Number of protein chains: 2
Amino acid sequence: MVTLSNTAKSHLDEALSRSGLRSTRQREQIYAVLLKRRDHPTADEVYARAKEVMPTISLATVYNCLETLVECSLVKRLNYEREPSRFCPNDGEHAHFLDEVNGRVYDILLPEDFQESVTKILPDGFEVKKVKVTFTGYAPKGLDTNSL
Amino acid sequence: MVTLSNTAKSHLDEALSRSGLRSTRQREQIYAVLLKRRDHPTADEVYARAKEVMPTISLATVYNCLETLVECSLVKRLNYEREPSRFCPNDGEHAHFLDEVNGRVYDILLPEDFQESVTKILPDGFEVKKVKVTFTGYAPKGLDTNSL
DNA sequence: TTGATTTTTGGAATCATTCCAATTTACTTC
DNA sequence: GAAGTAAATTGGAATGATTCCAAAAATCAA
């Protein structure tokens, strides 16, 4: 029913219980879908993929689960302009690169010192909690969805 | 009717004609509204401010004009998550800082070499056209909406 | 097993934004 | 300056991703 490695499952369970939330079949399924093809799908795409394996799941549940996973910091929500949100199961700091031609998003590994060095740009008194970096342009051809 | 300095007006006219577009009262008004209070308003807020001075302007026109100004690179559209777009009349490269407490957005000046240095992060073969940097956190108190 | 709390579910509601067709306006050319 | 044409504005309807809701189902603790 769900395809989720043991390590992924315990990663999920820990994150959920850390937030006082329950592990459910649907949450596992959604997380599994995201891990299986790391191509930053939209909620609709996640819904379609989840239904193949769990035909009775509802779209509302997909939204709920995605939101939950984002809350637990297991998943990131990406927004490009006003397009539908996309979801990325890569916790860990990284940037994103949007290919203008094929519309794909690639994860970009950030150097260790990135956050602190970019933070130096800010005038005194600004206290940073998060930095988001997004590139747009052309990705090299023949690349999988993930360059990390 | 419209408050737009001569330099701002010619800036607008040039940008419009460069794109083969006409200068209209409404476009001038919208641009004037953005320049007057540089607080990154939403389309609705722009609409409200424009109506004070041009009561017959329509919301559709506000959307059209904003879109046009963005197309001419006079204005930037900002998106935070799925919130309504905000608009920034600061052409020129800069980052944005969103204050989590008061919801305000501050423009952040970027160093000259920023784009090229951040581009080095990318693996070979990625061709960058645009970099977007967004900070979230707490801005220093007692700051106007613009730190530039 | 029972009860209490979460979660899921389908459908309705929301709301920023876009679309549309009709009217008005801006820029030519005579 | 008048006429013609292409572009812009307008109000209202349509769209579409997402959220809300209240009822049913599932999970957890005792």
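Model, not experiment: these values are computed from the prediction.
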Candidate pair A:Phe126 and B:Phe135, rule ring-ring contact (aromatic ring centres under 6.0 Å, His included), full reasoning: CA-CA 10 Å; A:Phe126 281 91; B:Phe135 299 93; 8.4 Å; no
Atom pair distance, as rounded to whole Å: CG in A:Leu78 and P in D:dA17: 17 Å
Annotated protein contacts, base or backbone, on nucleotides 19-30 of chain D with a non-hydrogen cut-off under 4.0 Å, one of B, S, - each: BB------BS--
Nearest-Å distance for atom pair CD/C1', residues B:Gln29 and C:dT25: 17 Å
Gap between atoms NZ and C1', on A:Lys51 and C:dT8 respectively (whole Å): 15 Å
Between C:dC15 (C1') and B:Asn79 (CG): distance, integer Å: 15 Å
Interatomic distance where CG belongs to A:Leu66 and P belongs to D:dA17 [whole Å]: 14 Å
Distance test, side-chain N/O of A:Ser58 to OP1/OP2 of C:dT8, below 4.0 Å: no
Side-chain donor/acceptor of B:Ser10 to backbone N/O of B:Asn6, under 3.5 Å: yes
Test item: side-chain donor near acceptor, B:Ser73 and B:Asp91, under 3.5 Å: no
Atom pair distance, as rounded to whole Å: CG in A:Leu16 and P in C:dT6: 14 Å
CG on B:Leu66 to CZ on B:Phe87, rounded to 0.5 Å: 4.5 Å
Side chain proximity check, A:Lys76 to A:Asn90, heavy atoms < 4.5 angstrom: no
Length of the CD-C1' vector between A:Glu83 and C:dT17, whole Å: 14 Å
Sugar-phosphate, base or nothing in reach of B:Thr42, heavy atoms under 4.0 Å: nothing
Distance-only polar pair, side chains of B:Asn79 and A:Asn79, donor-acceptor under 3.5 Å: no
Whole angstrom value for the distance that separates C1' of C:dA16 from CD of A:Glu81: 14 Å
A:Arg27 side-chain N/O to C:dT7 phosphate OP1/OP2 under 4.0 Å: yes
B:Ser85 side-chain N/O to C:dT17 phosphate OP1/OP2 under 4.0 Å: yes
Proximity to the side chain of A:Pro84 - top-ranked nucleotide from C:dT8, D:dT18, C:dT17: D:dT18
Nearest-nucleotide pick for A:Asp44, side chain only, options being D:dT10, D:dA17, C:dT17: D:dA17
Nearest-neighbour nucleotide for the A:Leu21 side chain, C:dT7, D:dT10, C:dT17 considered: C:dT7
Phosphate-side-chain proximity, B:Thr61 and D:dA8, N/O vs OP1/OP2 below 4.0 Å: no
N-O pairing of A:Glu45 and A:Arg86 below 4.0 Å: no
